[in-house]
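In this text, all values refer to a predicted model and were calculated from it rather than measured experimentally. Here is the naming used below: chain letters follow the sequence lines, and residue numbers restart at 1 for every chain.
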Amino acid sequence: MQADQPGPVLEVRGLRTVFDGRGGRETVAVDDASFDVAPGQCLAVVGESGSGKSTLARSVLRLVEPTAGRVRYRGTDLTALDRRALRPYRRHLQMIFQDPYASLHPRQSVLRLVSEPWRIHRDLMPEDPCARVAELLEQVGMPPAVIDMHPTQLSGGQRQRVAIARALGLEPDVLVLDEPVSALDVSIQAQVIALLMELQQSLGLTYLFISHDLALVRLVASEVIVMHHGVFVETGTTERVFEDPRDEYTRSLLAASPHL
Amino acid sequence: MTTLLEVEDLRVEFLTDAGPARPAVNGVDLRLGAGETLALLGESGSGKSVTSRALMGLVDFPGVVRGSIRFDGTELVDAPDRTLRRVRGTGIGMVFQDSLDSLNPVYTVGAQLTEALQVRMGMTRADARSRSVELLEAVGIVDAEQRVDAYPHQFSGGMRQRVCIAMAVALRPRLLIADEPTTALDVTVQAGILRLLRGLTEDTGMAMVFVTHDLAVAKQVAERVMVMFDGRAVEEGSIGNVFAAPSHPYTRRLLSAHPGRARHWRDLTKGEARDDDGEETHRAG
Ligand SMILES: Nc1ncnc2c1ncn2[C@@H]1O[C@H](COP(=O)(O)OP(=O)(O)OP(=O)(O)O)[C@@H](O)[C@H]1O
Ligand SMILES: Nc1ncnc2c1ncn2[C@@H]1O[C@H](COP(=O)(O)OP(=O)(O)OP(=O)(O)O)[C@@H](O)[C@H]1O
Ligand SMILES: [Mg+2]
Ligand SMILES: [Mg+2]
């Protein structure tokens with residue numbers, strides 16, 4: 001991949017996403033967001049429910065169309081491309097969704113689910129798709145036997161691992177993880193996090209990690225963005241934000257973290 | 001205290017082509033009085049959701065339920081549909097684990113709430129509508145007056161989860177079964193929801209079975225906890241006692257896997273023996 005190129009992997013400038021509501025009421029879900037993500041970094045976005053985290057992630061990937069602003073991926077302005085021109089870039093930027101129950105089609109086998117994206121990105125189609133799927137499953141710690149299973153037969157943690165294997169099959173550069181473990185049991189959560197962090201190191205992936213779990217963010221991210229009502233109220237290294245929060249809202253978020 | 005829910009020797013098996021699979025729930029006993037909350041903990045696949053669904057009479061073929069579930073004196077195992085329909089909603093309410101998808105995408109949130117209130121609580125249209133707005137406010141949806149006319153996809157993940165909670169408590173159930181109802185919520189919003197639910201148990205005597213994998217959450221809502229492992233209740237007692245001296249290895253692992261207690265992500269999986277993965281994989285297969 002282009003990992004040797006200098007400069008940020010993602011450069012986001014003035015990103016704004018507005019939803020139209022009833023009677024002309026608008027929701028400004030993301031307002032003037034600017035940030036860079038360096039190669040191999042894990043940048044976390046935290047903030048309360050409804051603060052705009054998922055919309056930010058979707059806007060960066062153009063899964064929703066931003067109202068204004070620019071997103072550059074390794075120098076290419078994704079916001080300037082039409083749908084067709086955008087397509088080849090999609091594989092470099094993959095998203096893992098919060099809900100492993102919803103993001104995998106229940107009636108397709110694991111083999112089909114993991115190999116499906118290769119039909120669109122034909123240049124990535126392996127010579128032996130079956131063997132490649134087994135290899136990807138192994139990479140996420142799943143036995144080859146699950147290849148014929150359907151999502152309904154898998155536990156939440158296993159489904160999320162299938163979703164990760166599917167994304168890895170496209171040899172992505174950036175993974176956008178929208179609450180990837182919040183629906184999972186803590187012990188499974190721990191496995192999936194360990195898997196993600198190991199993959200990040202071995203494959204040199206860059207992560208945009210969305211989470212409402214501050215305790216978890218503290219363990220995985222190098223930098224943090226705190227969102228509130230669509231606006232970035234604080235950004236900084238994880239250590240700094242946790243040790244010395246400057247914004248009032250960040251302080252209240254940290255103070256509300258439950259202790260055992 | 002009078003017993004509202006009494007479960008004895010609950011067993012649930014899913015039949016497969018090769019005969020019955022190993023039981024998903026294997027002899028669970030449970031008692032709950034009005035106003036009481038039980039936190040149900042346990043590893044993924046241990047039978048928490050199947051137990052919850054069984055209490056609502058929602059285990060469908062090929063699932064087979066045995067044992068006894070008495071709600072307010074009425075036996076629910078093998079009860080006729082008529083009985084179950086009467087109990088569901090106003091007797092026993094439920095927030096489903098996959099609540100993010102349990103809203104109907106083609107109706108506005110307000111239409112779904114209003115209909116339930118009109119049909120089940122006999123409210124007039126106008127009353128049902130203003131009650132719907134109140135309920136959305138109660139679960140912390142800002143601009144509820146406007147939001148009530150929005151469709152589910154126009155809400156964020158955590159807002160949808162809260163709408164499901166509003167729907168379940170709208171009918172003032174005497175028992176609420178909440179299956180991981182706050183997984184999509186940050187701590188501040190979650191704390192508000194937990195306060196709301198606790199308030200309902202204190203003010204209206206609602207009883208609650210609260211399924212969670214988060215010990216910190218269990219501690220905030222419940223006084224009693226039951227830990228499930230492989231379909232059985234392996235530990236039960238007051239939260240304080242179980243946390244201070246967990247007897248089952250899974251409970252100990254749950255405590256150590258909590259990110260709030262780790263210093264590095266590697267710490268999260270330290271307490272785990274390698275064969276755990278293998279076992280889990282085997283079980284799902
Ligand atoms: N498709 C849509 N149409 C209209 N409004 C939307 C749409 N998607 C999101 N919104 C609104 O945008 C705001 C931000 O939502 P978003 O999903 O980005 O929040 P979030 O930070 O991810 O919250 P959560 O933690 O609850 O998932 C919310 O007010 C939401 O209602
Ligand atoms: N419809 C079904 N058909 C066959 N097996 C099922 C079905 N539903 C659940 N099971 C099995 O029953 C067992 C218990 O599942 P359950 O969903 O209750 O676990 P859980 O404790 O809620 O786990 P989680 O924390 O992941 O939600 C699992 O082994 C599961 O595979
Ligand atoms: Mg979200
Ligand atoms: Mg469950």
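Contact check for A:T27 versus B:R147: side-chain heavy atoms found under the 4.5 Å cut-off. Inter-residue side-chain proximity for B:H213 and A:Q189 is flagged as met; some heavy-atom pair is nearer than 4.5 Å.
The two residues A:L219 and B:W265 come nearest to each other via the heavy atoms O-CD1, 3.5 Å. The minimum heavy-atom distance between A:L253 and B:V187, with the atom names listed, is O-CG2, 4.0 Å.
Heavy-atom distances place the side chain of B:Y250, and not its backbone, under 4.5 Å from chain A. Residue contact with chain B, scored on non-hydrogen atoms closer than 4.5 Å, is absent for A:A145. Of the two parts of A:S182, the backbone and the side chain both hold a non-hydrogen atom closer than 4.5 Å to a non-hydrogen atom of chain B.
B:E223 CD: more than 12 foreign heavy atoms inside a 6.0 Å radius. With a 6.0 Å radius and a threshold of 12 heavy atoms from other residues, nucleotides or ligands, B:R195 has its CZ atom at or below the threshold. More than 12 heavy atoms of other shown residues, nucleotides or ligands fall within 6.0 angstrom of atom CZ in B:R224. The 12-atom threshold is exceeded at CD of A:Q108, counting heavy atoms of other residues, nucleotides or ligands nearer than 6.0 Å.
Interface remark: of the candidates A:S211, A:A215, A:S252, A:A215 forms the most heavy-atom pairs closer than 4.5 Å to chain B. Of the listed residues (A:R25, A:R218, A:K53, A:E179), the one with the most heavy-atom contacts under 4.5 Å to chain B is A:R25.
We find the OG1-CG distance between B:T188 and A:L254 to be 10.0 Å, quoted to the nearest 0.5 Å.
Residues of residues 43-51 of chain A lying under 4.5 angstrom from chain B, judged on non-hydrogen atoms, are A:G47, A:E48, A:S49, A:G50 by number.
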